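Working notes for the structure below.
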Amino acid sequence: MTDEINSVVVVGAGQAGCQVIDSLRQSGYEGEIHLVGEEPWLPYQRPPLSKKFLSGEIPAARLSLRPEAFYEKHKVQRHLGVRATALDAAQQELSLSNGKVLNYDRLALCTGGRVLKLPVPGAELEGVHYLRNIADVDAIKKDLDLARNIVIVGAGFIGLETAAVLAGMGKCEDGCTVTVVEMQERVMSRAVSPQISDFFEKLHTQHKVKIVMRRGVTELVGSNGRITAAELSSGERIPADLCIAGIGISPDISLAAQSGLECKNGIVVDEYAITSDPKIVAAGDCTIHPNPLLDQRLRLESVHNAIEQAKTAAASMLGERKAYAQYPWFWSDQYHVKLQMVGISQGSDTIVTRGDVEQRQFSLFYFKGDKLIAVDSINRPADHMQARRILNNQIKITPVQAGDLSIELKEII
Ligand SMILES: Cc1cc2nc3c(=O)[nH]c(=O)nc-3n(C[C@H](O)[C@H](O)[C@H](O)COP(=O)(O)OP(=O)(O)OC[C@H]3O[C@@H](n4cnc5c(N)ncnc54)[C@H](O)[C@@H]3O)c2cc1C
């Protein structure tokens, strides 16, 4: 990808799209940049949506990833509140919902994901919400004041963070209830080990959140168009005047698939974030990419992935080759507990605890054979930072060293 580049179009005004622009300008690219975003806002951070933005601790203005002045300074032409509707890869043309057509030399697809909707009767009732963008949280907040019985569907990160915020608002007190309904055997089962699931289940129970496992919501029942109850697969009916579903997303591959780019469970890219069309890169939640360190293809939903893959994508557009090869990491805040994870713990055969579980300050080091593959830290941010260095630099650490608090991790590094 080294021919002359005068026009770059970025589809998706989110975490990855914003980083692509930043990296292009930092690398000295001076040509045109168009940013097309379906939402009306400049790129903003999503993590606070289920944390301090939901609780009201931070206003919408503080969510922006960059101020307006950044886009002015870098001469980014913004097309906000506009959806890219069709991609003609052969003509290098992108059609927008406002009738405009943009030509590009290079295109970045940073289209993120779309929330999965509850596939049950009653899902259209008022009081049933999802949590992906600012508008979703604004709508939830409008219903929150009067809500006394809240049902959260899905005990993943978003469902549990939401439960923690609602418990903190007193929604588990004075006859009010917050119930999390989860089909799986344990909370956050897709992402964390049974030990971490167990820790968080207890934490929520201590804060009076009810967790109902191994049951699904089969119907949302309503009266006068508004939700009144949720029926579970066990036949049980629980009162609900507000329902928030956090049951996952599907990668937004619509534009890519329609234009004939290779897609599986995501837009297929190589380690340079290049799609099956060499003039088109993709980054963030919408991609499926190879990770040479883990020797597998991954589709990740994390800020770290969006930022780092976007840096690689920007470099590729300018003809550089910087492979994206890092251990994935992620965090979640629930109550006063910060969980930070690096690597993928599935498949480990030895787990070593460092720190004090009772004090809620510990890390779990996951080994496969004698190789460290992942570390989950609870309120031990220094462990997390060192673990990232250990894993990314493939530094040897033994289970004995990992568990011995008298050995500083930075000494090993
Ligand atoms: C509530 C919540 C909490 C989270 N918490 C954490 C956390 O604690 N830690 C963490 O690491 N990650 C967290 N995440 C995940 C993280 O925010 C995402 O992984 C990250 O935002 C992905 O960035 P992205 O640019 O790929 O997609 P997005 O930020 O979703 O941006 C994609 C954008 O593209 C737009 N778009 C799609 N198609 C088109 C089109 N055809 N035309 C125009 N625009 C289009 C979408 O409207 C969207 O605005 C959280 C996510 C949510 C929703």
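Just so it is clear, the model here is predicted, and its values are computed rather than measured. Both counts, for ligands and for their atoms, begin at 1 and track the order of listing.
Taking all atoms of both residues into account, the shortest heavy-atom contact from G14 to P43 is O-CB, 3.6 Å.
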Show the atom names and distances, to 0.1 Å, of all donor-acceptor pairs under 3.5 Å that link a side chain in residues 134-142 to residues at least two apart or in another chain.
| from | atom 1 | to | atom 2 | distance (Å) |
| --- | --- | --- | --- | --- |
| D136 | OD2 | R132 | N | 2.8 |
| D136 | OD2 | N133 | N | 3.1 |
| K141 | NZ | F53 | O | 2.7 |

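Protein heavy atom at the shortest distance from atom 37 (C) of ligand 1 is T111 O, 3.2 Å. In terms of protein heavy-atom proximity, atom 25 (O) of ligand 1 is closest to A16 N, 2.8 Å. Ranking the protein heavy atoms by distance from atom 23 (O) of ligand 1 puts Q15 CB, 3.4 Å first. Scanning the protein heavy atoms around atom 10 (C) of ligand 1, the nearest turns out to be F330 CE1, 3.2 Å. In terms of protein heavy atoms, atom 41 (N) of ligand 1 is closest to A84 O, 3.0 Å. At the shortest separation from atom 5 (N) of ligand 1 among protein heavy atoms lies K51 NZ, 3.1 Å. Looking only at heavy atoms of the protein, atom 27 (O) of ligand 1 is closest to G112 CA, 3.4 Å.
Within ligand 1, the atoms closer than 4.0 Å to a non-hydrogen atom of E39 are 47 (O), 48 (C), 49 (O), numbered from 1 in the order shown. Near V82, the atoms of ligand 1 lying under 4.0 angstrom from a non-hydrogen atom of the residue are 43 (C). Residue G284 has at least one heavy-atom neighbour below 4.0 Å for each of these atoms of ligand 1: 26 (O). Short contacts between ligand 1 and R83, defined as distances under 4.0 Å to a heavy atom of the residue, involve ligand atoms 38 (N), 39 (C), 40 (C), 41 (N), 42 (N), 43 (C). Short contacts between ligand 1 and S302, defined as distances under 4.0 Å to a heavy atom of the residue, involve ligand atoms 11 (O), 12 (N), 19 (O). Which parts of ligand 1 touch A306 is read off a 4.0 Å heavy-atom cut-off, strictly below it: atoms 23 (O). Within ligand 1, counting atoms from 1 as listed, the ones closer than 4.0 Å to a heavy atom of C110 are 32 (C), 33 (C), 34 (O). Counting atoms of ligand 1 from 1 in the listed order, those under 4.0 Å from a heavy atom of V11 are 40 (C), 42 (N), 43 (C).
Looking at heavy atoms from C-beta onward, Q92 lies in side-chain contact with K279 at the 4.5 angstrom threshold. Between L339 and I196 there is a side-chain heavy-atom pair separated by less than 4.5 Å. With contacts defined as side-chain heavy-atom distances shorter than 4.5 Å, the pair L409/R389 does not qualify.
A heavy-atom separation below 4.0 Å is not found between N133 and ligand 1. Distances shorter than 4.0 angstrom do not occur between any heavy atom of C286 and any atom of ligand 1.
E161 and S50 are linked by a side-chain donor-acceptor pair at a separation below 3.5 angstrom, with hydrogens and angles left out of the test.
Between the CG atom of L364 and the CZ atom of R354 there is a distance of 12.5 Å, given to the nearest 0.5 Å. Note that OH of Y44 is 3.5 Å distant from CD of E39, once rounded to the nearest 0.5 Å.
Neither the backbone nor the side chain of Q45 comes within contact range of ligand 1; no heavy atom lies under 4.0 Å. At a 4.0 Å heavy-atom cut-off, ligand 1 touches W331 through backbone and side chain alike. Residue-level proximity to ligand 1 for I158 is carried by the side chain, the only part with a heavy atom below 4.0 angstrom. The proximity of D252 to ligand 1, defined as any non-hydrogen pair under 4.0 Å, is limited to the side chain.
Geometrically, ligand 1 and D285 share a nitrogen or oxygen pair separated by less than 3.5 Å. The shortest N or O to N or O distance between R132 and ligand 1 is below 3.5 Å. For ligand 1, none of its N or O atoms has an N or O atom of H304 under 3.5 Å away. The N/O atoms of G37, backbone and side chain alike, include none that comes under 3.5 Å of an N/O atom in ligand 1.
Heavy-atom proximity to atom 48 (C) of ligand 1, evaluated over E38, R46, Q19, is greatest for R46. The residue from P328, S332, P47 that puts a heavy atom closest to atom 4 (C) of ligand 1 is P47. Of the options G246, G12, C18, S50, the smallest heavy-atom separation from atom 3 (C) of ligand 1 is shown by S50. Among L65, V303, L131, the residue whose heavy atom sits closest to atom 16 (C) of ligand 1 is V303.
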Audit row: R186, S193, side chain to side chain donor-acceptor pair (under 3.5 Å) steps and yes/no | CA-CA 10 Å; R186 56 188 181 86; S193 64; over 6 Å; no
Can you list the steps and then say if S377 with D383 is a side chain to side chain donor-acceptor pair (under 3.5 Å)?
-> CA-CA 7 Å; S377 302; D383 281 2; 4.9 Å; no
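A ring-centre distance under 6.0 Å is not found for F330 and H304. In summary, the aromatic rings of Y104 and H34 are positioned with their centroids too far apart to meet the 6.0 Å limit.
Using a 4.0 Å cut-off between charged side-chain N and carboxylate O, E301 and R299 make a salt bridge. Using a 4.0 Å cut-off between charged side-chain N and carboxylate O, R114 and E38 make a salt bridge.
A perpendicular orientation is assigned to the rings of F70 and H74, their planes being inclined by more than 60° (bins at 30° and 60°). Ring pair H384/W329 is perpendicular by interplanar angle, where above 60° counts as perpendicular and below 30° as parallel.
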